[in-house]
Each structure stands twice: as structure tokens, then as C-alpha cells.
Amino acid sequence: MRYFFYPGCSMEAGAGSYTKSLEAVARALDIELAEVPDWNCCGATVASSVIGDAPAQVMSLRNLAMVEGSGLDVVVACSSCYMNLALANRRFQNDPRFRALATKSLAAGGMQYRGKVRVRFILEVIANDVGFERIAARVKRPLKGLKVAGYVGCQSVRTIPWEFDDPEQPVALDELIGALGATAVPFPLKARCCGASHTLPQGEITSSSCRDILESAGEARLMVTPCPMCQLNLDAYQSEVNKAYGTNFQIPVLFFTQLMAVAFDLAPSTYGLKANIVAPGPVLAQYGVAV
Amino acid sequence: MADNSASSGRLKYEAGFAREVYGMENGSYLKLCMQCGVCAVSCATFKIMDYSPRRLFALVRAGRKEEVMKSNTFWMCTTCLMCKARCPRGIPIVDVMHDLKGLALKQGYVNYPQAAFYQAFWQDLAGRGRIFEGGVTARYFLKRGPKDFGKIMAQKDVGLKMLSHGRLPLRPPKAVKGKKELMQMVAKARELEQKGAN
């Protein structure tokens, strides 16, 4: 299986452990990921407010135009990048007025796009192209008895509702957790917003959202997520939540690919667990993982 | 939240405001709103909003420009898409919020810290084609000035932890090679969008 991979700014920087573990897991599943050449930022949730929806979406389309000739799908692992690339693509395909605007704009920078690329979220590719049975068959270190909260976050499942999962109570991540031998706990807020980029301008908003989410994870010993921003907010700011609310959360928050690398028993250097701020060592030690 | 706050101020009716909003990229969708309130109960940040999206839209229609533009409602929106997924009239509420943020930035309603964050983010992006989180943070605090000094200190502990876990790169990423062409595309799109709106 071959795909183009759009990493995005977070996965190139603070979420390096996501990229590292994702690449290792992909190799273990015979998935070839080629980086989109000279990719540019998707604009996150910000650009469209500053320059307008259409110009921001043209930025996203440049990334798709880069690889259209290959006939390969573009896989995205960051929720926000996925939202922007997928929505821009869908609008290009369905809205003739926008298509005309985007075509002229891309041409102003010497590029052309015809709307043929498929933009896909990493969990959907794992669910549909790989399949959970193949994942389960690859597991060499079953995480039996490990209670895991699958935090999907907001944007990936609601970009195009019902595209591949329930937009409010998604199940694909829970199935993946099950395939790794672990147990997905009931988790009502698994697709609730983490507070996103309020962290910098008004951190108390993020702390409040994260407290609700961590509480909702119930008896989970560990949380996994496919989103760089959710991971950062829930992991790096967990101590701030505890400070603000007098709570005592100690829930390691991993990228789901880190947990896959552990369950696949890949080389420990691919886990990237040192990047985790709430230490996952105590929880994973019983499975023979030294962090 | 005070339910009646929407009508407590002195009425300053601006006939052109609703039209101004309808003229934005997603503004005309507001005409479809039937005031059901599903957006309000779906919103992740509803509790801290001055007005729920439903109320905000009613104020837009009534032409209450100052109340709309000075409210925190659209700045609180995190683009979590719940309202957009649920709206029975199919209004892309999130995209309307983006338009309102854009209008606020353009017309100088920039007192909320989120406005400075958005400006900082875009400036960093436009300079390289990719984001450097350290650059966004620095630009943000420069824009906010001394009034955010307490926040810098509050972020210090988390920042140090991120640094020690390798989560905070100190060097910016490489610039996009085609950055000049990328910005030409953006400029062209903005120009065409302006033309289309008028």
C-alpha cells in the first residue's frame, strides 16, 4: 500500500513522537508513506479567519496539486490539517464558483489542480485499508488488561460527518484499542473539544475542557489520541488542570501510534515515549516496557 | 449567563450591518437560521460566551453591530464542528464564526487576546509557509505587551517541561521552497474573493 503523507507543522515539531511512531508502525504493516514534497501549512483553524475561507483553502489545495499526478491518496494524521485539506478538496469538487477562483489562484503561482486527489484520515485508512484483523494479527505484545480511553477529539470525525465514523460517538479508535489486546473504556466525552488553541491566549478555557475530558475517561490508566493539539493540551497541561481544580490526574496521553508500536513490539527507539510529559512508564512497566 | 443581556444596552440600530454580514463568504447562511438553539446546547464553549451562536445571529439580523462585534462569542469558538454537524438548517456555523473573526480583525475589534494570537499566527505562517510555535508565541506576547506578563510567568513551568521532553523546538522549520508562489496564490485568491463579494 502506497500513499502520500502530509505531516503538517506540529508533526514536524512538537509532535515528533507521533511522526516517528507512525512511520515505524506503517513500515511494520507494509505501508509506504512518501512525504508530500515542499508541503505548506494548512492554515490550522486560524488562517481562514485572517485571510478568508477561500484563500486559506487555496493554500491547502497547493499541497494536493503537488501530488495529483501520482494517483495516490494523501494520508493526514493531524485532525486540523485533515479538516482543512479535506474541506478544501470537497469544496473544489462541489462548488463551481470556488473551483474557478481556486484554479485561477493556483495558476497565479504556476500550479494546476483538477480535484482528483483523495484526502484520508489516518484512522480511516487503518480501519478500511489495513483492517483491525490484520492489526490484531501483527500484535506481539498484547496489552491484556490495560484500560485505555480513546480520545478522538473533535475535527477528524466531524469534518465530513458519517464519512467513516460517528461524528459524536466514534468507534474506530476503540476498535483499534481492542485489536491491540487492550480494553477501551466507556468514555462519553471522547469527541468533545479539548479547548484547542485557547491554551496560549486564555489557558483557563483549555484547563476547564481538559478537566472534563480527563474525568470522563473514568477508570482508564492511559489515553490515546490521533491529534497533536489534543495530545499537547491533555499531556503538557495536565499539571495545570490539577493545579487549577485540585485534582490528581496522572493519565499518560499517547499518540495511538505509540501504543501500536508498543503492542507490535517494535524497536523501543520508535516509541518516542520520552516526549510524553505525564510519564507512561509506571503503566507500561507491567508489559515489559522500560521508558 | 444573563439571558436578557442582549437587549439591555441602548439601542443603536445599524441598518447596513446585517447586509455587511450577509455579504461575507458564509454570511448569507444566517438567513436560514430558525432560532432553534441546537448550536447553543452543542457548543463546547457556550458557558463562557457573551451570547450563544443563536443569540448572536439574532443580533446580526437586528443590526446590532456594536453588541455583536464587541462580544467574545466568535473568539471563543474553537472550530470543533459540533454545531455545524448538528444544525438542522445546515448552516456552517463555524465558517460564519471565521467570517466574523475576519471582520473584527479588519475593523479593529481586537481587544480579546485571541485576536492577537490569530494575527501572530498568520504573520508567522506568511513569513515561512510553515508554522514555528516558538515564533507564534513570541509574536503573541510582543503584541499583548506588559498586560500579559503574568501569563508568561504562568506558562513558564509548562514551557520548561516541554523543553526538557523535546517538545519545544528552538529553531524554526525550513521555509517552503515555493513560498513566493504560495503567497502569489493567496494574494490572487484574496483579490478574486474581494471582487466576488462586491
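Lettering follows sequence order; numbering is per chain, from 1.
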Could you look at [X] and say if it's the side chain, the backbone, both or neither that has a heavy atom under 4.5 Å from chain B?
X: A/W162; value: neither
X: A/V50; value: both
X: A/E240; value: side chain
X: A/K274; value: backbone
X: A/S10; value: both
X: A/S197; value: both
X: A/T159; value: both
X: A/D235; value: side chain

When you measure from the side chain of [X] to the backbone N and O of [Y], does any donor-acceptor pair fall under 3.5 Å?
X: B/R167; Y: A/A275; value: yes
X: A/R158; Y: B/C80; value: yes
X: B/Q184; Y: A/G109; value: no

For [X], which atoms come within 4.5 Å of any heavy atom of chain A: side chain, backbone, both, or neither?
X: B/A154; result: backbone
X: B/T137; result: both
X: B/C43; result: backbone
X: B/T45; result: side chain
X: B/D148; result: neither
X: B/F74; result: neither
X: B/R171; result: neither
X: B/K151; result: side chain
X: B/Q114; result: both
X: B/M76; result: both

Would a 4.5 Å heavy-atom cut-off, applied to side chains only, mark [X] and [Y] as touching?
X: A/M111; Y: B/L182; answer: no
X: B/E25; Y: A/S48; answer: no
X: A/L106; Y: B/K188; answer: no
X: B/L125; Y: A/M59; answer: yes
X: A/N276; Y: B/H165; answer: no
X: B/F117; Y: A/V46; answer: yes

Closest approach of [X] to [Y] (non-hydrogen atoms, all atoms of both residues):
X: B/L192; Y: A/S105; result: CD1-OG, 3.8 Å
X: A/P201; Y: B/Y140; result: CA-OH, 3.3 Å
X: B/V186; Y: A/P55; result: O-CB, 4.3 Å
X: B/K101; Y: A/S49; result: CD-OG, 3.4 Å
X: A/A54; Y: B/E193; result: CB-OE1, 3.5 Å
X: B/P113; Y: A/Q202; result: CG-OE1, 4.3 Å

One thing to verify: whether [Y] and [X] come together as a salt bridge, which I'm taking to mean a side-chain N less than 4.0 angstrom from a carboxylate O.
X: A/R62; Y: B/E181; result: no
X: B/E191; Y: A/K104; result: no
X: A/D38; Y: B/K179; result: no

(Q) Is it the case that atom CG in A/D95 sees more than 12 heavy atoms from other parts of the structure closer than 6.0 Å? (A) yes
Q) Of all of B/A85, B/G166, B/G178, which one pairs up most often with chain A through heavy atoms under 4.5 Å apart? A) B/G178
Q.
Apply side-chain contact (heavy atoms from CB on, under 4.5 Å) to residues B/W75 and A/H198 and explain how you reach the verdict.
A. CA-CA 9 Å; B/W75 292 116; A/H198 282 310; 5.8 Å; no
(Q) Regarding B/K47 and A/S208, do their side chains bring together a donor and an acceptor under 3.5 Å, going by distance alone? (A) no
Q) Counting a contact as any heavy-atom pair under 4.5 Å apart, which residues of residues 85-93 of chain A contact chain B? A) A/L87, A/R91
Q. Quick one: which residues of residues 129-136 of chain B reach chain A at under 4.5 angstrom, heavy atoms only?
A. B/G129, B/R130, B/I131, B/E133
